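Values in this document were obtained by computation on a predicted structure and should not be read as measured data.
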Amino acid sequence: MNEKHIHIVTHDVPWPADFGGVIDIYYKIKWLHAEGVKIHLHCFVKTRPATDQLNKYCETVDYYPRKKNLNALSFSLPYIVQSRNDESLLTNLRKDNYPILFEGIHSTFFLKTLKDEGRKTYLRLFNTEHKYYASLAKNETNILKRIYYLTEARLLKKYERKIALHTHVWALSTADADHYKVMFGAPDVHFLPVFLPWENVSGKEGNGKHFLYHANLSVNENEQAAIWLIKNVFNDSVIPLIIAGLNPSERLKRFAARHAHISINANPTEPEMQSLIENAHVNVVPSLNNTGVKLKLLNALFNGRHCLVNPAGAEGSETEELCNIAKTAADMKKDVVNLFATPYTEKIMQHRSAALKDLYNNQKNALRVIAWIW
């Protein structure tokens, strides 16, 4: 039998698998390796160091420095793409004729060049980047950062439209797949569910004592979502809300401190965060954008009890039927009260388990990738 080799180009070092942008990459690599695929990994480096962990699943691993500041500025290309331009990567990819998977629009500087040379290329979308950056701009208070996000959104929209016509596209969400088909005219787009570290649903039966919102709180739109919950949903409640995540701002802390039933858990360890998710009675997952898929929602569905979201929080994940969806703040207020009085049962868990194991099945999705490429 012929060996199956593939190059995978990543925007960052995918270990440790501790944030959304690398979880899908790492577990995809792990499961493709389990199915016999020989992986040649190429990682751009900024702050995350090289690691021997990746050698367990890859035939070769190469690292490339990401360009910084003025060296990566361009009037025609998005910064996230231009800053990942390294000629040694192109040289290494040209050493053979293996197919190439580009992880994120970030890593695609050489995609069209290689496609024009006859290579089989594939793009894994993290989300619709131009919509994501426009959302960041909308929620940014720093004027210089806002200008950067708006500029990046404009350049990304033009760039994504061009790239969509030249490669096979695998989207994390059905909403992003539809956007690439309808708005960009992409000829070959598939929904490929995210690869996950969780394989079994393990929510605890019964009742918890708090609601939980967890996120990287240094991201402006996550902070804005937390403030929205404080101001509009839990403002006149007595039900405990814990807001947990990385680097909460003083501004967020001040908003929370006005309410005795709302607390901030800053920079919890991974075990501490998982304990908060598992013991919450409801994980509440509002989102200010509807791109990509929210890994914090999937974490809550696999490991927690009830999940309360707004439409954008679940859109495209194909998990809407497993969540309680509130369209407005008033609706969410009502659901907070109702859900807090509703035990999490074995019946709910079994239904959730059957649905998630069918859709977010790492082995099944690895075999799907293999069928698409070979």
(message) I'd like to know if the side chain of Arg119 and the backbone of Leu93 have a donor-acceptor N/O pair within less than 3.5 Å.
(response) yes

(message) Donor-acceptor check, side chain of Asp24 to backbone of Val194, threshold 3.5 angstrom: yes or no?
(response) no

(message) Could you check whether atom CE of Met349 has more than 12 heavy atoms from other residues, nucleotides or ligands sitting under 6.0 Å from it?
(response) yes

(request) Inspect the contact between Lys364 and Asp358 and indicate whether a charged nitrogen and a carboxylate oxygen are less than 4.0 angstrom apart. (result) yes

(message) For His106 and Phe126, take the angle between the two ring planes, folded into 0 to 90°, and tell me which bin it lands in: parallel under 30, tilted 30 to 60, perpendicular over 60.
(response) tilted

(message) Could you work out, with ring-ring contact (aromatic ring centres under 6.0 Å, His included) as the rule, every residue matching Phe110, not counting sequence neighbours?
(response) none

(request) State, yes or no, whether a side-chain contact exists between Lys131 and Leu156 at a heavy-atom distance under 4.5 Å. (result) no

(request) Over 60° means perpendicular and under 30° means parallel, so classify the ring planes of His42 and His7, tilted if in between. (result) tilted

(request) Measure up the His281 and His306 rings against each other and bin them: parallel (under 30°), tilted (30 to 60°), perpendicular (over 60°). (result) perpendicular

(request) Give a yes or no on whether Lys120 atom NZ has more than 12 heavy-atom contacts from other residues, nucleotides or ligands under 6.0 Å away. (result) yes

(request) Measure from the side-chain N and O atoms of Arg66 to the backbone N and O of Asp12, and report whether any donor-acceptor pair falls under 3.5 Å. (result) no

(request) Using the side chain to side chain contact (heavy atoms under 4.5 Å, CB included) rule, pick out the option among Ile29, Ile370, Val369, Ile373 that qualifies with Val37. (result) Ile370

(message) Against the six-membered ring of Phe255, is Arg258 placed for a cation-pi contact (under 6.0 Å from the centre, within 45° of the normal)?
(response) yes

(request) Report yes or no: does Asn303 contribute a side-chain atom to a donor-acceptor pair with the main-chain N or O of Glu278 at less than 3.5 Å? (result) no

(request) For residues Pro311 and Asn290, determine if any side-chain heavy atom of one lies less than 4.5 Å from a side-chain heavy atom of the other. (result) no

(message) Please tell me whether Thr128 and Glu160 have a donor and an acceptor in their side chains that are separated by less than 3.5 angstrom.
(response) no

(request) Run the numbers on His168 and Trp372 for ring pair (Phe, Tyr, Trp, His ring centres under 6.0 Å), then give the verdict. (result) CA-CA 9 Å; His168 307 280; Trp372 287 341; 9.6 Å; no

(request) Check the surroundings of atom NZ in Lys157: do more than 12 heavy atoms from other residues, nucleotides or ligands lie under 6.0 Å from it? (result) no

(message) Quick one about Tyr149 and Asn220 (side-chain donor to acceptor, distance below 3.5 Å, no hydrogens or angles considered), yes or no?
(response) no

(message) Does either side chain, that of Lys357 or that of Asn200, offer a donor lying less than 3.5 Å from an acceptor on the other one?
(response) yes

(message) Parallel, tilted or perpendicular: which one describes the rings of His5 and Tyr98, with boundaries at 30° and 60°?
(response) parallel

(request) Using a strict cut-off of less than 4.0 Å between a Lys/Arg side-chain nitrogen and an Asp/Glu carboxylate oxygen, indicate whether Lys333 and Asp236 qualify as a salt bridge. (result) yes

(message) Closer than 3.5 angstrom, by distance alone: can the side chain of Glu152 be matched with the main-chain N or O of Tyr79 as a donor-acceptor pair?
(response) yes

(request) Take the angle between the ring planes of Trp198 and Phe302 and call it parallel below 30°, perpendicular above 60°, tilted in between. (result) tilted

(message) So Ile243 and Tyr213, do their side chains get closer than 4.5 Å, heavy atoms only?
(response) yes

(request) Indicate yes or no: at least one non-hydrogen side-chain atom of Leu172 is less than 4.5 angstrom from one of Asn127. (result) no

(request) Over all heavy atoms of both residues, which pair between Leu308 and Val336 is shortest? Give the atoms and the distance, please. (result) CD2-CG2, 3.9 Å

(request) Give a yes or no on whether the backbone of Leu196 and the side-chain of Asn362 come within a donor-acceptor separation of less than 3.5 Å. (result) yes

(request) Look at the side chain of Arg124 and the backbone N and O of Ile25, then say whether any donor-acceptor pair between them is shorter than 3.5 Å. (result) no

(message) One pair to check against ring pair (Phe, Tyr, Trp, His ring centres under 6.0 Å): Phe211 and Phe234. What are the steps and the verdict?
(response) CA-CA 10 Å; Phe211 276 62; Phe234 288 87; 5.5 Å; yes

(request) Taking atom types as modelled, find out whether Lys209 and Asn279 have a side-chain donor-acceptor pair closer than 3.5 angstrom. (result) no

